[in-house]
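Reminder, nothing fancy here: chain letters follow the sequence lines and each chain counts from 1.
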Number of protein chains: 2
Amino acid sequence: MEDESLRLDNQVCFTVHAASRALDGIYRRELRDLGLTYPQYLVMLVLWEGGPGAADGRPPTVKELGASLRLDSGTLSPLLKRLEAAGLVRRDRGVHDQRSVHVRLTAGGSALRRRARQVPARIFAATGLDEGELTHLRHALGRLTTALDGALLDTAASGAAPE
Amino acid sequence: MEDESLRLDNQVCFTVHAASRALDGIYRRELRDLGLTYPQYLVMLVLWEGGPGAADGRPPTVKELGASLRLDSGTLSPLLKRLEAAGLVRRDRGVHDQRSVHVRLTAGGSALRRRARQVPARIFAATGLDEGELTHLRHALGRLTTALDGALLDTAASGAAPE
DNA sequence: TACAATTTGACTGTGCACAATTTAATTGTG
DNA sequence: CACAATTAAATTGTGCACAGTCAAATTGTA
């Protein structure tokens with residue numbers, strides 16, 4: 001047989017994967033009435049909060065949205081177009097820098113916030129965990145993600161050491 | 001402002017999502033040489049273990065594979081076709097039940113196991129967590145997934161209670 | 001045997017995620 | 001001003017995930 005700890009990390013990876021999909025399933029159900037998917041909901045959350053540049057009155061760019069949610073343009077561009085088609089956001093080229101696309105809520109997009117208010121409570125209930133467990137889980141996953149991102153930066157090095 | 005615990009669960013959901021993607025990125029790097037994606041690697045792991053019906057000498061069906069990995073045929077069918085195209089597995093209709101498709105390793109698929117042996121250790125190292133933390137995380141995520149799956153079964157009920 | 005119900009897997013369409021490339025606009029430098 | 005380098009989005013292609021639908025095969029029952 002093999003080292004138990006090696007088996008263990010596979011299982012952890014699997015449970016992270018499974019939990020992510022289970023969470024996606026719950027959000028799918030809770031957001032169906034709002035016509036949103038989970039990633040779309042995340043984008044709307046950021047916009048409802050005022051966006052990454054909430055300090056300024058300026059609406060956030062695609063790049064800023066992507067940075068705060070860790071999504072790239074290949075994911076965000078079509079997603080934002082769908083939100084625009086649904087009448088929830090507007091996309092306008094920047095005045096100063098024509099490369100930038102600023103994303104702002106429409107009246108309909110802002111109005112949706114009220115209907116989305118009950119979503120977190122329902123998700124919280126579905127998790128079956130209490131506040132302390134969620135906090136602990138959040139910290140553990142945060143450390144995990146930070147470590148993984150760090151490991152991913154050391155790309156070229158750490159070549160396959162034989163044996 | 002709002003209840004802090006409501007904010008918290010959104011963050012947990014986000015960290016699960018983020019951790020899942022970070023993990024996917026690490027696996028992408030570690031499995032590139034083997035020509036596998038993470039879900040494909042999971043399928044190969046199950047097959048290397050002998051499959052869900054390891055007790056019998058019988059190779060597992062697509063349905064059995066899906067049950068053990070929580071993947072449905074819409075995901076598994078094309079995935080297995082890619083593994084077959086890569087020469088790693090063979091798919092044969094069952095003799096007794098022509099509806100079933102049995103999946104078995106080819107010689108190449110079995111041989112790949114040796115090259116994949118070092119993968120778990122590298123992933124384990126990349127997580128930056130020790131065995132105890134991984135165990136704890138695994139249990140917490142397991143409870144979370146179980147609760148979410150349970151909540152997902154109570155679909156029709158729990159209608160939107162207003163107020 | 002004939003037929004309805006169930007089971008199984010494939011197929012289609014939508015959407016997320018990421019890598020790689022492309023295009024357009026800006027900035028820096030001579 | 002001209003031109004190279006950089007930056008921002010969009011686009012393309014591959015693959016995962018799931019809902020919904022479909023066809024084929026089996027099973028149960030009359």
Exercise for the section: Answer yes or no: are there more than 12 heavy-atom neighbours, outside B:Arg91 itself, under 6.0 Å from its atom CZ? Expected result: yes
Exercise for the section: Go through the steps to decide whether A:Asp72 and A:Lys63 satisfy the test salt bridge (Lys or Arg N to Asp or Glu O under 4.0 Å), and finish with yes or no. Expected result: CA-CA 8 Å; A:Asp72 71 356; A:Lys63 183 179 178 60; over 6 Å; no
Practice task
Using a 4.0 Å heavy-atom cut-off across all strands, classify B:Thr37 as base, sugar-phosphate, or nothing.
Solution key: sugar-phosphate
Fill in the blank from the handout: Between CG of B:Leu23 and C1' of C:dC18 the distance, given in whole Å, is 16 Å
Problem - Separation of atom CD in A:Glu84 from atom P in D:dA9, rounded to whole Å - result: 15 Å
Exercise for the section: Report yes if a side-chain nitrogen or oxygen of B:Arg21 is closer than 4.0 Å to either non-bridging phosphate oxygen (OP1 or OP2) of C:dC18; otherwise report no. Expected result: yes
Completion exercise
d(A:Glu131 CD, A:His136 NE2) to nearest 0.5 Å is 15.0 Å
Practice task
For B:Asp72 and for A:His102, find the nucleotide of DNA chain D with the closest heavy atom, then tell me which residue's nucleotide is more 5'.
Solution key: A:His102
Exercise for the section: Take atom CG of B:Leu42 and atom P of D:dG15, then tell me their distance rounded to the nearest Å. Expected result: 17 Å
Exercise for the section: Look only at the side chain of A:Trp48 and the backbone of A:Gly109, and say whether a donor-acceptor pair between them is shorter than 3.5 Å. Expected result: yes
Problem - Phosphate OP1/OP2 of D:dA17: any A:His17 side-chain N/O under 4.0 Å - result: yes
Practice task
State whether the number of non-hydrogen atoms from other residues, nucleotides or ligands found under 6.0 Å of A:Arg21 atom CZ is greater than 12.
Solution key: yes
Exercise for the section: If D:dA5 has a Watson-Crick or G-U wobble mate with both distances under 3.5 Å, name it; if not, just say none. Expected result: C:dT26
Fill in the blank from the handout: A correct 5'-to-3' footprint of nucleotides 5-11 of chain C, with B, S and - meaning base, sugar-phosphate only and no protein heavy atom under 4.0 Å, is --BSSBB
Practice task
Using atom CG of B:Leu80 as one end and atom C1' of D:dG15 as the other, report the distance to the nearest whole Å.
Solution key: 14 Å
Exercise for the section: Measure from the side-chain N and O atoms of A:His102 to the backbone N and O of A:Asp92, and report whether any donor-acceptor pair falls under 3.5 Å. Expected result: no
Problem - Gap between atoms CG and P, on A:Leu79 and D:dA9 respectively (whole Å) - result: 15 Å
Exercise for the section: Write down the distance between OH (A:Tyr27) and C1' (C:dG15), rounded to a whole number of angstrom. Expected result: 18 Å
Exercise for the section: Measure the distance from CZ on B:Arg29 to P on C:dC18 and round it to the nearest whole Å. Expected result: 15 Å
Exercise for the section: Round to a whole Å and report the spacing from CG of A:Asp92 to P of D:dA10. Expected result: 12 Å
Practice task
Verify the distance criterion only: is there a donor paired with an acceptor across the side chains of A:Gln98 and A:Arg93 at less than 3.5 Å?
Solution key: no
